[in-house]
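Encoded as structure tokens, the structure appears first; notes follow it.
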Amino acid sequence: MKKLMNAPGDFVDQALDGLTLANPSLVRDGESGRVIRRAEGIRKGKVGIASGGGSGHLPLFTGYVGRGLLDTCSIGNVFEGPNVGSCMDAIRLADGGRGVLRLYGNYGGDRMNFDMAGEMLEDEIRTTTVLGNDDIASAPPEESAKRRGVAGIIYAYKIAGANAETGADLDEVTAIAAKAVASTRTIGVSLSPCQVPGSAKPTFEIADDEIEMGMGIHGEPGIWRNKLRPADEIADEMVQRLLAEAPGNAGSEVSVLVNGLGATPLEELFILYRRVAEKLGESGLRIVQPLVGNYVTSMEMAGASISLCFLDDEMKGLLAAPAECPFWRV
Amino acid sequence: MKKLMNAPGDFVDQALDGLTLANPSLVRDGESGRVIRRAEGIRKGKVGIASGGGSGHLPLFTGYVGRGLLDTCSIGNVFEGPNVGSCMDAIRLADGGRGVLRLYGNYGGDRMNFDMAGEMLEDEIRTTTVLGNDDIASAPPEESAKRRGVAGIIYAYKIAGANAETGADLDEVTAIAAKAVASTRTIGVSLSPCQVPGSAKPTFEIADDEIEMGMGIHGEPGIWRNKLRPADEIADEMVQRLLAEAPGNAGSEVSVLVNGLGATPLEELFILYRRVAEKLGESGLRIVQPLVGNYVTSMEMAGASISLCFLDDEMKGLLAAPAECPFWRV
Amino acid sequence: MSTFDIQDVKRTVAMAATAMTVLEQELNAADAKLGDGDTGGMLARVIGALDNASLPDGGDVGAGFSAYAKAAAMATGSSLGTLLATALMTFARETKGRAEVPVAELGDLLAKARDAMMARGGANLGDKTILDALDAVAKAISGIDSAQEARSKAVAASGEALDQFRQKPNKVGRARMFADATIGMDDPGMLAFARLCAAVAGPGAQ
Amino acid sequence: MSTFDIQDVKRTVAMAATAMTVLEQELNAADAKLGDGDTGGMLARVIGALDNASLPDGGDVGAGFSAYAKAAAMATGSSLGTLLATALMTFARETKGRAEVPVAELGDLLAKARDAMMARGGANLGDKTILDALDAVAKAISGIDSAQEARSKAVAASGEALDQFRQKPNKVGRARMFADATIGMDDPGMLAFARLCAAVAGPGAQ
Ligand SMILES: Nc1ncnc2c1ncn2[C@@H]1O[C@H](COP(=O)(O)OP(=O)(O)O)[C@@H](O)[C@H]1O
Ligand SMILES: Nc1ncnc2c1ncn2[C@@H]1O[C@H](COP(=O)(O)OP(=O)(O)O)[C@@H](O)[C@H]1O
Ligand SMILES: [Mg+2]
Ligand SMILES: [Mg+2]
Ligand SMILES: [Mg+2]
Ligand SMILES: [Mg+2]
């Protein structure tokens with residue numbers, strides 16, 4: 001797998017340099033330079049939202065720092081959690097005096113480091129935690145707390161971010177973030193792998209005519225692997241799996257994210273979206289603010305994920321509130 | 001090459017359905033349904049801008065229909081020009097009574113069809129033509145009129161689009177579009193091919209450790225093919241080739257587009273951008289409104305192009321003017 | 001004097017459409033070397049569209065060609081497809097109102113199509129495009145009355161054009177920049193024309 | 001009574017760093033089957049960082065481990081790397097202020113590290129993680145005074161743990177969902193631990 005890079009060890013830092021150079025609203029900060037924060041800093045009196053995760057998923061995570069979204073983001077090496085120092089820095093830099101929500105995906109390394117960071121700062125800053133766990137393919141429903149966080153986390157960013165901008169307190173922001181996560185379901189399908197810079201091999205192998213349903217954004221094994229099928233069949237299965245896990249209290253409005261994993265052309269995402277919209281319509285659901293594009297990637301992986309965020313009026317309003325980062329503007 | 005699609009013959013129409021379903025600001029129109037226009041229609045008294053081209057390059061071409069950008073866009077099958085009927089429809093639908101600029105890339109099929117369309121409508125609507133020809137690798141400087149149009153055309157869209165919104169007349173809009181094209185230079189580098197839906201093979205073959213400098217957005221042969229090099233070396237060569245062809249009257253301000261061809265991760269584009277910015281700075285150039293992302297793609301092709309748009313004050317102002325389409329907002 | 005009517009044209013189109021199922025990938029591959037790899041897919045679709053086009057009643061050859069021209073123009077905006085539509089439009093104009101057209105006129109019709117295609121596409125003879133093959137055939141069958149003879153001359157002339165031009169550089173289309181690199185390769189449009197000539201001439205001609 | 005000092009630790013780290021150049025891709029491949037394929041690259045980098053860390057003067061073993069813990073924590077936020085930092089922090093706490101540590105205490109130190117890692121990561125013994133290999137080694141060398149003997153017991157115990165767990169399902173980490181599919185595969189963290197035990201024990205032990 002060919003990469004436009006210099007040395008593997010430079011990959012993350014040079015990408016962050018480029019990201020911040022091209023987007024002056026984002027600034028590198030923190031002891032290891034592994035925090036991205038808003039250029040204008042945190043507004044006093046606002047609850048802060050700090051996220052973080054491994055590199056290799058742009059625009060996630062760092063790209064969602066901005067007004068109405070994240071305040072700070074710690075970032076690790078490719079597919080590795082952010083180190084504890086960066087997590088501490090991200091929390092500190094997000095602190096406007098009213099506490100900080102730690103909002104990130106449910107992965108072991110990320111969790112350990114954000115936990116440690118919170119413990120180390122516990123005398124200084126009040127923190128809460130909400131973990132993204134939207135990937136329905138990563139654990140059965142009865143163990144949903146064990147599920148991995150994937151593309152659907154951007155709904156929690158948007159909804160909690162908008163809530164924090166209104167002046168809500170930490171408990172309120174935490175509650176709405178938790179509600180957004182609890183209302184979001186994602187499933188992905190992969191067509192081809194990616195490769196960690198410096199690794200001699202791709203994260204997995206897959207035949208020229210095969211796809212894998214339910215694969216994670218780091219290439220974690222999915223539910224089944226089989227021959228490529230027509231896009232409509234794939235969309236149908238994904239929608240059906242998502243709807244089968246709709247939250248008990250789901251209303252009739254839903255936002256949809258058809259997300260490209262990195263190497264899948266927009267044309268194909270729109271072909272999928274077309275069918276997804278049709279199927280949701282048939283199920284009596286009304287689509288609100290659909291998103292189609294590369295929002296959460298796995299470097300050069302080909303494939304797509306579909307996320308549904310079941311909305312109530314409160315979340316709907318927050319999703320529609322103004323927000324602005326380099327990759328998403330409402 | 002695996003594609004998330006149904007039948008090859010449905011590829012374009014289903015992608016357009018998805019595009020317009022997900023983006024209500026865009027509407028399918030025209031006899032063959034192969035025109036995308038602004039939902040609100042053309043404003044009377046505004047010069048219209050109609051573009052068009054083959055499918056397989058999203059967000060180009062249809063994605064750039066919107067306020068301050070294009071009014072209409074005709075769209076062909078993958079890598080085929082739009083048919084003459086769609087070109088006529090695009091011109092008609094862009095007509096607000098003050099004439100229509102035909103602004104598209106310099107390819108034989110596109111040219112023939114837009115020419116025919118203009119001839120057929122010549123008693124009804126005054127039209128002018130500006131052809132994007134920014135690809136410096138496609139013909140030597142003394143034959144620059146023969147060069148192909150690639151990613152840099154979006155600068156002409158933005159600058160001419162902003163000018164048209166001000167109420168400028170057709171000659172003015174045409175002149176500024178021509179100036180934008182004359183001020184823009186692009187070169188691309190490819191790492192892996194794409195495949196036309198229905199074709200049994202990719203558009204080209206390339207070894208696992210090779211890249212091709214100067215390749216076109218349909219896989220047209222480039223300048224050299226050789227081993228993959230570090231990103232900085234690639235960026236240096238591309239910038240040097242672009243600067244060697246800077247327009248004679250170039251000032252010190254330049255906008256830069258580091259564009260992904262489809263399968264190249266954003267991380268890599270930012271790694272490139274970082275070096276490009278450094279090199280331009282060393283050359284005494286000031287970067288204005290940089291763009292990094294997938295703006296003009298070749299489906300699942302991996303690689304990137306770099307475009308420089310040398311700005312004077314007039315173009316700089318127009319580039320900064322408000323504009324809004326699903327893939328670019330200023 | 002032998003003639004052809006719109007049913008003959010229709011049969012020829014059907015033969016070409018059948019031939020395209022075999023030729024499609026070969027032509028794509030030829031185009032991939034110089035251009036964007038779609039010549040075969042495009043032609044298969046466009047000739048398929050002609051084959052499916054419904055012809056007006058009455059047997060007017062010109063009206064038939066006009067229907068074909070519209071079908072081609074609807075089906076594509078590619079260079080070659082558009083030039084094909086241009087040629088069909090020329091045939092339509094030249095044969096308007098006639099139920100039969102002398103075979104001896106075919107060479108002239110092709111020459112007129114060639115000129116219309118040059119005017120539309122801006123290429124010249126010698127640029128190594130479909131025009132050179134078309135020109136060779138137009139000349140080879142000019143004035144020939146026997147359909148059988150016209151067929152075999154067309155096959156021979158288009159094949160020879162292909163051979164003659166193989167070692168020359170392409171001068172238009174997507175292969176422009178590095179014309180020298182195209183030496184030794186067949187132009188996809190010429191190749192398509194030669195292969196289709198052979199296919200519609202049937203096993204008898206060669 | 002045999003003891004080790006911070007120079008012994010430093011030598012061991014250097015041996016591990018050297019070993020990682022050989023182990024890196026094997027561990028990546030093991031991780032790719034269940035997780036994200038980065039165990040080897042991550043460990044190579046982290047152990048390389050330890051190897052390059054400068055130790056405080058004075059020979060305090062605890063201060064040395066503390067420097068290593070910080071270097072590890074700076075270098076990664078991966079699960080395994082963070083757990084390694086946790087273990088090093090535990091060693092630091094337990095050996096603070098001492099210039100020499102009895103070999104016989106090593107088993108206890110590993111057991112304390114294991115408990116700290118369980119507390120931090122939330123996994124249990126039996127989940128088929130590095131913890132199970134660590135636990136086996138802690139028990140096997142508990143109270144053993146001879147460095148030579150401790151080494152060979154560690155190699156044997158970690159290898160046996162690997163063999164014993166191979167046919168069991170993974171219960172934590174990225175391999176959670178389809179635990180059954182992990183039967184027959186080595187856990188990358190356990191594999192890393194066993195391979196590194198063998199590497200630092202040197203050719204003498206086995
Ligand atoms: N301007 C032109 N004049 C004559 N023939 C042309 C011209 N442009 C292209 N062609 C012919 O068309 C062929 C390419 O056809 P095709 O691949 O369908 O078009 P495109 O370049 O639009 O993909 C060329 O091989 C050449 O023979
Ligand atoms: N919570 C945990 N407790 C104990 N060991 C763990 C835990 N999570 C992961 N591991 C160990 O770490 C290994 C994976 O390490 P690595 O690939 O570096 O981490 P990551 O999953 O962050 O990519 C697993 O094989 C397992 O042995
Ligand atoms: Mg990892
Ligand atoms: Mg084409
Ligand atoms: Mg072509
Ligand atoms: Mg891993």
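The chains referred to below are lettered A, B, ... by the order of the sequence lines, with proteins before strands, and numbering in each begins at 1.
- Among A:Gly9, A:Gly198, A:Ser199, the residue making the largest number of heavy-atom pairs under 4.5 Å with chain D is A:Ser199.
- In this structure, the separation between CZ on A:Phe79 and OG on D:Ser78 is 13.5 Å, given to the nearest 0.5 Å.
- If you measure heavy-atom distances from D:Lys70 to chain A, you find no contacts under 4.5 Å at all.
- Note that CZ of A:Phe204 and CG of D:Asp36 are 12.0 Å apart. Values are rounded to the nearest 0.5 Å.
- At a 4.5 Å heavy-atom cutoff, the contact between A:Asp115 and chain D is made by backbone and side-chain atoms alike.
- Only the side chain of A:Glu31 comes within less than 4.5 Å of a heavy atom of chain D; its backbone N, CA, C and O stay farther away.
- Atom OG1 of residue D:Thr86 and atom CE of residue A:Met112 lie 7.5 Å apart, to the nearest 0.5 angstrom.
- From D:Leu34, atom CG reaches atom CD of A:Glu220 across 10.5 Å, with rounding to the nearest 0.5 Å.
- Put simply, CZ on A:Arg111 and OG1 on D:Thr82 are 11.5 Å apart, with the number rounded to the nearest 0.5 Å.
- A:Val196 touches chain D through its side chain: at least one heavy atom from C-beta onward sits under 4.5 Å away, while N, CA, C and O do not.
- Residue D:Ala123: no heavy atom, backbone or side chain, is found under 4.5 Å from chain A.
- A distance of 4.0 Å separates CZ in D:Arg120 from CD in A:Glu119, rounded to the nearest 0.5 Å.
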